[in-house]
Amino acid sequence: MTKKLTTHLPEGNSEDVILNPSPSEHFQVLLARRFSRRELLHGSLRAAFAGFVASAGLKGVGVATAFAGPAGMVAPLEAATREVAREGRDLQLGFEPVPIYNGDGIRVARGYTARPFLPAGTPICGDYPPYLEGGQNSGAHQECQVGHHHDGMHFFPLGEGEEANEHGLLCLNHEYVDVRKLHPHGPTIEDGVRSVPDEVRKEVAAHGVSVVEIRRDGGGEWGVVRGRYNRRITAATPVEIRGPVRGSELVQTLYSPEGIRARGTLNNCAHGVTPWNTYLTCEENWAFYFANGGDAPREHSRYGVPANTSRYGWATVQEVDEYARFDASRKGGGPRDDYRNEPNTMGWIVEIDPFDPESTPVKRTTLGRFGHEGCVAAPAVEGRPLTLYMGDDATNEYIYKFVTRDPWTPQSRGELLDHGVLYAARFHDDGSGEWLALDVEDPAFRSAARQAGVQFRDQADVLVNTRLAADTVGATPMDRAEWGAIHPVTGEVFFTLTNNTQRGDTVPVDAANPRPRSAFGHIVRWREAGDRHESLRFRWDIFVLAGPPEDSEIRAAPGAPALDETNMFASPDGLWIDHQGTMWIEMDMGTSQQVREFERFGNNALLAADPVTGDIRRFLVGCRGQEVTGCIATPDNRTLFINLQHPGEGSEENPILTSHWPDGGNARPRSAVVVITRDDGGVVGS
Ligand code: FEO
Ligand code: CA
Ligand code: CA
Ligand code: CA
């Protein structure tokens with residue numbers, strides 16, 4: 001007898017439960033010593049970047065092969081960069097740092113302007129229903145409006161030359177909702193059940209992705225174009241399943257008995273972009289939207305699908321199939337008769353073609369199923385496979401990469417992603433690393449699974465159970481991997497590790513995750529053997545240990561200085577290297593964190609860094625209760641778009657909202673894009 005399903009209303013999005021029960025044996029034995037080979041990296045890379053910028057400029061150059069060596073050979077960074085002339089360009093950043101701030105506006109560097117744009121509820125399609133204050137819009141309205149909780153974002157230019165800097169498609173993710181602010185009086189719940197289906201319709205529609213055509217007018221203001229591209233993809237939009245999991249018994253449902261289709265995308269966190277100009281949206285904390293009645297196969301339990309209490313209680317709306325599918329309990333019969341497999345249709349990378357508004361989004365299952373944060377494609381090189389890097393943002397989970405089976409060519413499209421090998425990363429204590437195949441055809445994987453006593457029926461089973469597969473091969477549990485970025489010149493890969501307050505409890509510290517109960521997070525970087533992203537070996541070190549002056553270290557900078565008042569930050573999350581080589585670091589200290597030792601950091605901020613020299617400066621501070629996310633610029637780097645997500649998080653009208661951004665007055669706060677330009681029209685950050 002299953003228990004009655006009920007409703008859970010989370011404060012934020014962090015469902016930071018530990019679900020990794022079997023941390024790698026290999027890393028259990030690593031010593032907790034601090035890693036100190038920083039001198040290996042910083043000097044030579046600074047020379048490489050300076051030389052490259054001076055001689056070539058960054059834009060439009062085939063930088064992926066700049067330092068290519070023989071495949072499979074581990075090239076020390078010094079050797080790889082020695083030939084590059086040192087031009088002595090130490091300082092790339094050209095603005096004065098912004099002080100710490102805790103007010104309810106935006107503080108940006110002097111000489112810049114930051115304007116809110118596309119706040120949640122902005123009409124973009126259909127009948128263009130206007131946004132109504134106080135949660136008055138209906139579910140049908142929301143289906144035609146920008147969603148809530150903006151996150152990952154990309155700008156796809158339309159047109160050539162200068163037009164490409166003034167006109168394009170903005171794709172942005174909507175990670176989750178705050179039901180207390182979404183409806184006039186919060187959600188209606190009777191005896192644990194969501195009794196007003198239109199509220200659920202609105203919540204489902206406020207998730208997903210917005211595709212918005214935007215254009216800059218003569219006065220420099222960006223606006224919405226009411227064009228044919230504008231589109232909402234929600235947690236209910238029909239999608240197709242591709243790759244090895246297509247047709248698997250593990251994704252057969254009442255909705256798609258063949259296991260080839262599903263509905264919607266959930267908790268869309270960060271994103272990626274393919275070389276063929278499609279958008280990848282990443283499903284992160286999706287497990288908690290379901291309830292399985294206590295019947296928990298491994299493909300539920302390793303991801304934390306709850307028994308009876310689903311997030312927002314969508315699973316309690318039994319009379320509407322659209323929402324009843326979140327009830328993943330067994331109803332008798334087989335998987336085609338109920339929604340026991342519905343959770344297996346989430347946790348994927350989803351490809352969306354923003355240039356074809358009629359296209360069906362595709363779940364590319366080769367890229368694995370976990371708490372996907374983002375998906376960073378390495379520069380495509382003709383004749384070589386394409387590599388994409390991904391993090392699983394949950395405590396003690398892993399970093400992954402996917403390498404396509406077939407080489408990339410200018411004719412390649414999404415099908416390229418349907419064949420290839422998924423790998424999990426192991427970071428060795430000595431600064432080396434390796435990629436471990438999660439592939440039933442791979443002898444080492446089969447042997448590891450046999451030794452661990454874990455059985456996988458086929459590759460679909462491996463992919464649906466990606467976390468278990470990575471446990472099996474002994475990947476390195478990380479301090480919650482968030483976004484990644486790839487340096488266009490050096491090919492170095494950077495990943496933020498936001499924090500892990502459990503580190504050292506069940507999983508020991510190791511060289512790549514060196515701080516026990518790490519509250520402030522760090523950024524790791526690595527370089528693939530032979531400067532080929534498909535290599536199975538790499539060298540790594542730590543770029544920066546975030547935190548206050550007494551507990552931080554910029555390991556990339558000469559002398560490894562601590563952070564100070566001008567650049568101290570915590571909980572790095574968003575990360576992007578722009579078209580000029582500036583690395584943008586976005587903070588996401590949870591609201592519950594922004595007290596005690598975190599109060600001194602002020603509101604979450606956007607920092608600019610020189611990824612070569614380790615120069616870091618605070619560029620912008622957002623309003624109260626938000627996190628900074630989504631970072632992309634126009635091709636000329638003169639307009640930077642970011643998102644401020646969940647302003648006023650954790651506060652309500654009764655007793656008091658901590659933020660009214662961006663509308664001001666007494667308005668409810670809402671997530672929005674921020675458009676940042678330099679007042680003299682120059683390149684942002686330089
Ligand atoms: Fe959605 Fe890990 O942030
Ligand atoms: Ca967040
Ligand atoms: Ca994030
Ligand atoms: Ca985060």
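Order of appearance sets the numbers: ligands from 1, and atoms from 1 within every ligand. For the single chain, residues carry numbers from 1 onward in sequence order.
- Summary: OE1 is the N/O/S atom of Glu482 found nearest to the Ca ion (ligand 3).
- In summary, Asp663 and Arg668 do not engage in a salt bridge, as defined by a charged side-chain N under 4.0 Å from a carboxylate O.
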Intermediate values then yes/no, side-chain contact (heavy atoms from CB on, under 4.5 Å), Ile642 and Glu586: CA-CA 9 Å; Ile642 61 165; Glu586 301 181 315; 3.9 Å; yes
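- Summary: OE2 is the N/O/S atom of Glu373 found nearest to the Ca ion (ligand 3).
- Listed by chain and number, the protein N, O or S atoms at a distance under 2.8 Å from atom 1 (Fe) of ligand 1 are Glu175 OE2, Cys269 SG, Glu284 OE1.
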Would Glu199 and Arg194 count as a salt bridge (charged side-chain N to carboxylate O under 4.0 Å, His left out) here? Give the steps. CA-CA 8 Å; Glu199 290 178 1; Arg194 296 299 302 274; 3.1 Å; yes
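- In summary, Arg503 and Asp479 engage in a salt bridge, as defined by a charged side-chain N under 4.0 Å from a carboxylate O.
- Note on Asp573: counted as a metal contact of the Ca ion (ligand 3), an N/O/S atom lying under 3.0 Å.
- Both tests pass for Arg107 against the ring of Tyr101: distance under 6.0 Å to the centre and angle within 45° of the axis.
- Across Leu436, Leu438, Leu367, a single residue satisfies side chain to side chain contact (heavy atoms under 4.5 Å, CB included) together with Tyr400, and that is Leu438.
- A salt bridge does not link Arg232 with Glu143: none of the charged nitrogens is closer than 4.0 Å to a carboxylate oxygen.
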